[in-house]
Amino acid sequence: MGRHGWYTGDRRWRLTALLGVGVLALALVVTLLNTLPGRGADTSGTSPDGDRVHGTPATPAGRPRPSVGWGFTHTQYSADRGGGAATERVEKLLSDDGGLPQDQAIMGWGADNPEPVKGRYDFGALDRRIDFVRASHGTPVITLCCSPDWMKGGTAGADRTDWSQSALETAPDPDHYEDFARLAATVARRYPDVRHFVVWNEFKGFWNDSAGRWDYEGYTKMYNLVYRALKKVDPDIMVGGPYLVMDSVGTGQEHASADLRGPWGAMDQRILDAFRYWNTHKAGADFVVVDGSSYTNDEKFLPDEFAATAKFTAVGEWLRRQTRDLPLWWAEYYVEPADADDRREGWSEEHRLAVHATALIAMADGGADSAFYWNPEKKSGTDCAGCLWTPTSEADGGRALPMYGLLSRFHAAFPPGTRYEAVSVARDDRPNVRVLASDRTVLVVNTLNRPISAQVDGKRFTMDAYDVKWLKR
């Protein structure tokens, strides 16, 4: 999809192993030379002053909290790209709703190579995304992924970035873990108003092919270096990991966990092993972050889409037990299985909203207080399934779509620290509705594709098929 078109969708591809050894001596010498500033590598458009503070960041008020609430992730085409009026429309939309947490990666998903040559930086695209977050009064979150080519066996140079999926998802070589930690510290100094950092993304490149498991030792070593580097910049910076994909399989499949399972399937035991290693050997963490889908990786076992969301509750409870109740984030979450082309356009918007609302309820029930919706904004066009707003490349773009209404209202109604309350549900309605309540708000979801009459919290009301209803208390 163009130079920066690496787009993951649900990103359920398998990772490849790290690049092999045995490179010819001459090629190695050339590569080493190319990693040095001004030595055979194009540095056009770069600057040595990467840690110079960008723009006019707001002065952080007090020590940040480890939880940020319910927001979204910027993807390849986001609201900062397009017509000024449309972009401003989204900025106002977000600002009027008090701002939402917004996550952005440092490379890919709309951001350029931040350090194409060692010690030479290009933060233009990332600056633009951070400017948008600031203008929309959002809480900025940065995901420290991915890494420049020269850190992973590629060629240095402003004009040499390999934007293929296989290249981007390659982890830094172990010899460059410290370089990646220095880059993370540079990013933190450039954006002092960013108080929350997620280390890496989905263990990309950290797969031990010979052992048939995740290279959790390698990831944890890099994580610890990044954690310490960020804390050296500012001890109050909030750092989290490991951003593992909490994949599940059919209960009879190989690697199915014997302990963490339910009607939604069973967790892949290799992922639980990786999490336990990181949790035991981490230098520290202010929050724990994972992602995952409600459905399984087993195409022969696709549970009911509403029942499958119970996975978020079960996994969340397991994670909280392992971490002794560290704040829990879902960096991404998916509820609609993709087709052969990785598209999720088979459901009506009412159906999609109902399942997503149920997933948000399940995450909250599992102890999560922060989550990020993977916003699938398109470059153009009016048909955008699940998008938060219409494409800002259109003159009339930037208009809120139903998914934005759900997400922004959930963020406002159930912020971190919300004390959830049990409410009464009529016996015959319990199988058909999902409910989440605070002392002021009740969210009710009809999981049936037909109208019902429901009684919740002492109130009787009608609900349309797949209706999502908000009640005041």
Side-chain angles (χ1 to χ4, degrees), residues 8-15 202-203 206-209 211-216 242-280 288-323 328-340 342 344 346-347 351-352 354-368 371 374 430-434 445 447-449:
T8 62
D10 181 40
R11 301 181 304 159
R12 292 295 170 263
W13 18 260
R14 299 298 82 191
L15 305 179
E202 295 188 334
F203 264 46
F206 288 99
W207 177 256
N208 186 326
D209 201 39
R213 65 168 176 82
W214 295 104
D215 176 21
Y216 38 74
Y243 204 151
L244 273 164
V245 185
M246 305 306 285
D247 278 339
S248 52
V249 297
T251 54
Q253 295 296 308
E254 185 181 10
H255 306 301
S257 170
D259 300 318
L260 186 49
R261 55 175 53 204
W264 44 269
M267 276 299 302
D268 187 322
Q269 185 61 45
R270 295 170 298 179
I271 293 170
L272 302 184
D273 293 342
F275 185 89
R276 284 194 175 103
Y277 182 92
W278 171 83
N279 191 44
T280 300
V288 60
V289 54
V290 296
D291 84 344
S293 58
S294 56
Y295 49 88
T296 69
N297 283 344
D298 181 2
E299 294 182 357
K300 296 180 180 179
F301 182 75
L302 291 176
D304 170 82
E305 65 270 30
F306 288 99
T309 62
K311 171 185 173 177
F312 295 121
T313 302
V315 172
E317 291 173 343
W318 184 88
L319 291 167
R320 299 269 286 172
R321 289 195 299 269
Q322 305 305 307
T323 62
L328 172 60
W329 295 19
W330 286 90
E332 304 170 43
Y333 59 95
Y334 302 93
V335 298
E336 184 178 0
D339 63 16
D342 202 31
R344 288 161 184 78
W347 291 354
H351 189 183
R352 184 175 294 109
V355 184
H356 272 278
T358 303
L360 289 168
I361 292 171
M363 283 185 274
D365 284 343
W374 190 263
R430 292 173 192 170
N432 304 326
V433 300
R434 301 291 185 272
V445 181
T447 66
L448 299 178
N449 189 20

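- To the nearest 0.5 angstrom, E317 atom CD is 9.5 Å from L260 atom CG.
- Contact of the V288 side chain with the F275 side chain is registered, since non-hydrogen atoms from C-beta on lie closer than 4.5 Å.
- Here the side chains of F312 and V335 are in contact, with some heavy-atom distance below 4.5 Å.
- Note that CG of D304 is 8.5 Å distant from OG1 of T309, once rounded to the nearest 0.5 Å.
- For the pair E305 and E336, the minimum side-chain heavy-atom distance is 4.5 Å or more.
- Residue M363 comes nearest to A371 through the heavy atom pair SD-CB, 4.1 Å, listed as atom of the first residue, atom of the second, then distance.
- When all heavy atoms of I361 and V445 are compared, the closest pair comes out as CD1-CG2, 4.0 Å.
- Considering all non-hydrogen atoms of both residues, G262 and T251 come closest at O-CG2, 4.4 Å.
- Panel note: side chain T447, backbone N432; a donor-acceptor pair is recorded below 3.5 Å.
- Across Q269 and A258, no two heavy atoms sit closer than the pair OE1-N, 4.5 Å.
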Next on the checklist: W330 vs V315, test: side chain to side chain contact (heavy atoms under 4.5 Å, CB included). Steps then yes/no.
Outcome noted: CA-CA 11 Å; W330 286 90; V315 172; 3.9 Å; yes

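- With rounding to the nearest 0.5 angstrom, the CH2 atom of W329 is 15.0 Å from the CG atom of L319.
- A donor-acceptor contact shorter than 3.5 Å links the side chain of T296 to the backbone of F301.
- Residues satisfying the side chain to side chain donor-acceptor pair (under 3.5 Å) criterion with R320, sequence neighbours excluded, are absent altogether.
- Side-chain atoms of R352 come within 3.5 Å of backbone atoms of W347 as a donor-acceptor pair (strictly under, hydrogens ignored).
- Taking the side chain as every heavy atom from C-beta outward, L360 and Y333 approach each other to under 4.5 Å.
- Under the 3.5 Å distance criterion, the side-chain polar atoms of T313 are matched with a main-chain donor or acceptor of A362.
- Atom CZ of F306 is separated from atom CZ of R434 by 8.0 Å, given to the nearest 0.5 angstrom.
- In this structure, K311 NZ and W318 CH2 are separated by 12.5 Å, a value rounded to the nearest 0.5 Å.
- In this structure, the ring of F203 has its center no less than 6.0 angstrom from the ring center of W278.
- Without hydrogens or angle criteria, N279 side chain to Q322 main chain gives a donor-acceptor distance under 3.5 Å.
- Smallest separation of non-hydrogen atoms from A308 and P303: CB-CG, 3.7 Å.
- For R276, the salt bridge (charged side-chain N to carboxylate O under 4.0 Å, His left out) test picks out no residue, with sequence neighbours left out.
- Remark: D365 CG to T358 OG1 distance equals 10.5 Å, nearest 0.5 Å.
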